[in-house]
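Here is the structure we will look at.
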Amino acid sequence: VNSNFIHTILVIAIGIAIVLLFMGALFNYRKYAGKFFIQIPQPVKQYLLQQNFYKVSFIFAFLCFAIWVSYRHSGLGCEDLDEAAQCQCYALQVVNKTDIKQQLHWARNGMKMCPDSKFFSNFIEKNQK
Amino acid sequence: MIGKNALLAKYQSHWFWGIALFALFIELCFHVLLPVSISNDSYGYIALSRDLFNPNTSFERSVGYPVFLLLTGLNLFDNLIPVILVQAAMAVAIPLIVFKSLVRFGLGYAVLGALISCLYFYNFVLSLSVLTELAYVFSIAVYTFLLIAYFRKMSLRNLLLVIASCWLIALVRLSGSLHFFSLLIGISFYILAQMSYKNWDNMKLGLRHIFIAIAVFASVSVVQHAITNRTSSVAWPHFVFNWVYKDNTLDNIHYGIIKPENGPATQRLFEEIERIVTESPAAFDTLKASGSNKIQNIVLEENGKYSLESVKLLMDDLIFNNKHDLRSWAIEGVLINSSHGILGTSNLLSKAIMEAFINHPEVIVLRLITVFQSRVWEFMANGITLNIVSFPTAYHHQIPKVMNDVPPSTLSPNVFKQWAYDMFDHTGNAAVDRDINYPNRYPTTVAGMMESFNSGNLIGIGHYVGMLGTQIIRLCWFIIALGILFLPFTKHAALLGSLLSASFIPPVASVFISETDPRHLLMSSPVHVASAIFVIYVVVDFFTCSNIQEKELARE
């Protein structure tokens, strides 16, 4: 089975555990250890308790979901991609940079990954002078 | 002491947010199973979001989704995630809108409708794609809510809101304006019902509303036509010309009936093409490339133009060898790039198409039969099958290979990275899983799904699970068909007629107009679910009322 799948399931399990702990703390379910791990300020707790349990759970779960989706896709580099996509990634970096030094840097990296590509070789040849 | 109404409201609120939590859980599952996707059609929307006011960019597409991409910062932040998160929120909101629409008839109906919407996984799968599909389904959900609200309380405000929601749908996909007719049908049923009850005041209200609706809709249409060419009346020949022009020797969805003998409009179309290819060798080359083998060897004259004999050969090929898949698009492109532009081309093609239909009216009937037999009935009786169009999850062959000295595709670097990373993250480690011809990309059996599972190809698993969930809409279609039988006998004919026609006319018309594209049948799910549940309500109401009447008669 895909190792990323197991990793994702683990992250989701931790996320659900956090939600349960939060709920435990909110509703004083001592056996779920909420009392020991999370201390919610009394005014916040009062406000949340006035709301619907499912509504609070949903808002909290959606926030966790948004953080997880954003985290998964943040700070990616071309080297994080599979080989098949790296060439295109370097090529896009070359096209989108305005500084010629940076463009050449990315073109050289692209050249290493994709020696057969005329795109990188032509760019380096044209701009190295 | 909590009052009965307060208790009911509390129950409603618990069910509402409980269903929201359930829908979010399903959305999460599909985020685990499927990657965020940029597929073939996405590029047109992304390009349009960068060049919104250029009438030549993706002219056949509406601006609603590109504006959505713009507002969610796809270009500004070079980030795909806000788009995907907002779409996730929309996918979760669809069952909730269905709930709010149906709760007026009872909590049980609302819960049933919302749960069916949750189990209809198509919406959750499409929430991961940069395509109009989810925004379209969401706008149909809003329309359904407002339509039901209008027929429960026929106020001017509610009427204007329904018309606004029709335009919201049309903003996302041009064919969306067809939903307006369902509103008119509903009001017409209302007028007829009030006439039969001899309730003249209510009949006048219905007449007033129908006139206001037509006046408002027509005024907005006139303004829209004055501002932009991006209208359904300009775009429809783009979709219809292909299947009317293309020869039917390969399949039964094409008819090959655009012939000069149809009449003056078609003659003019071919004369214009002949004039353009005589004057422009580039236009000649475009049409030659999509032609038969007979004309592939034609070469330029010494004067840099094609001879009149070559032009005649090409024209004969265009008229008599119209089998090539892409040729209709090539003809359209050549006309648009000439002095005709988008509007002139649409005019030329639409007149030729209408002439073809007048000469071959049987084609319309044949086409309708094909749509019903090979799409509606096939899906309803034998199950919904999925393919690259209905579940357009991006795949590896869509990553461009940077081998030549050509500029890379239109994606910005970070968006590309997010897309490509997610795609590889979901397809496991086996190289064979990444082959374009990988057989288990759309598994239809448990064994096929298990093969995907064993090699860690989550896309195969996601498609299989998505396909299973999508089947639930067939139950709604069956109930909707039953609902037609009850239409003459119910006191809710206005709303029922409106919902049934909204379930039927726009999706079937869209399949009819396009290349019998079956995904149009899958995109109207909120109105399908609401209609099916309302049919159940009508049936229950019918028999309960009958029982009461019988009991009263017996008592007398």
Side-chain angles (χ1 to χ4, degrees), chain A residues 1-9 11-12 15-16 19 51-59 61-62 64-66 68-78 80-97 106 110 113-114 116-123 126, chain B residues 10 13-25 27-29 31-33 36 78-82 84-85 88-89 92 396 399-409 411-429 434 453-458 461:
Chain A
V1 178
N2 191 343
S3 62
N4 286 309
F5 179 64
I6 296 166
H7 174 246
T8 308
I9 294 295
V11 170
I12 289 171
I16 291 171
V19 174
Q51 304 295 315
N52 181 342
F53 170 80
Y54 293 106
K55 185 180 174 181
V56 176
S57 310
F58 172 78
I59 293 166
F62 193 86
C64 290
F65 170 76
W68 173 67
V69 172
S70 309
Y71 159 76
R72 283 189 69 215
H73 296 91
S74 62
L76 292 168
C78 287
D80 294 320
L81 305 182
D82 191 274
E83 280 174 29
Q86 283 194 14
C87 296
Q88 175 71 3
C89 186
Y90 289 126
L92 287 170
Q93 296 285 14
V94 172
V95 173
N96 276 272
K97 296 283 182 232
W106 286 110
M113 266 323 287
C114 331
D116 297 333
S117 166
K118 284 179 188 164
F119 176 78
F120 296 114
S121 56
N122 285 354
F123 186 87
K126 211 184 284 178
Chain B
K10 198 177 172 188
S13 173
H14 280 192
W15 275 106
F16 181 87
W17 290 107
I19 286 165
L21 210 52
F22 180 52
L24 181 63
F25 176 72
E27 178 71 25
L28 176 71
C29 290
H31 271 260
V32 173
L33 293 174
V36 296
D78 184 15
N79 197 340
L80 196 56
I81 300 315
I84 296 302
L85 280 177
V92 170
H396 300 91
I399 289 188
K401 290 179 176 58
V402 192
M403 299 310 291
N404 302 317
D405 189 12
V406 287
S409 69
L411 295 182
S412 51
N414 197 43
V415 167
F416 174 79
K417 275 187 270 184
Q418 291 171 330
W419 165 58
Y421 171 79
D422 227 27
M423 183 157 52
F424 286 108
D425 202 30
H426 282 80
T427 38
N429 305 312
R434 296 175 174 180
F453 183 77
N454 290 332
S455 62
N457 187 333
L458 302 179
I461 304 167

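Sequence lines set the chain letters: A, B, ... in the order given, protein chains first and strands last, and positions in each chain run from 1. Both backbone and side-chain heavy atoms feed into the values below; hydrogens, waters and symmetry mates do not.
Chain B forms more heavy-atom pairs under 4.5 Å with one residue of A:C114, A:C87, A:C89, A:S121 than with any other, namely A:C89. If you tally non-hydrogen atom pairs under 4.5 Å between each of A:V94, A:L81, A:D116 and chain B, the highest count goes to A:L81. Ranked by non-hydrogen atom pairs under 4.5 Å with chain B, the options A:A61, A:C78, A:S117 are led by A:S117.
Remark: A:D80 CG to B:Q418 CD distance equals 12.0 Å, nearest 0.5 Å.
Aromatic ring centres of A:F65 and A:F62 lie closer together than 6.0 Å. Ring-centre distance between A:Y71 and A:W68: not below the 6.0 Å cut-off.
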Give the table of side-chain donor-acceptor pairs shorter than 3.5 Å for residues 13-22 of chain B, with sequence neighbours excluded, one pair per line with atom names and distance.
unit_1	atom_1	unit_2	atom_2	d
B:S13	OG	A:N52	ND2	2.8

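If you measure heavy-atom distances from B:A89 to chain A, the contacts under 4.5 Å come from both the backbone and the side chain.
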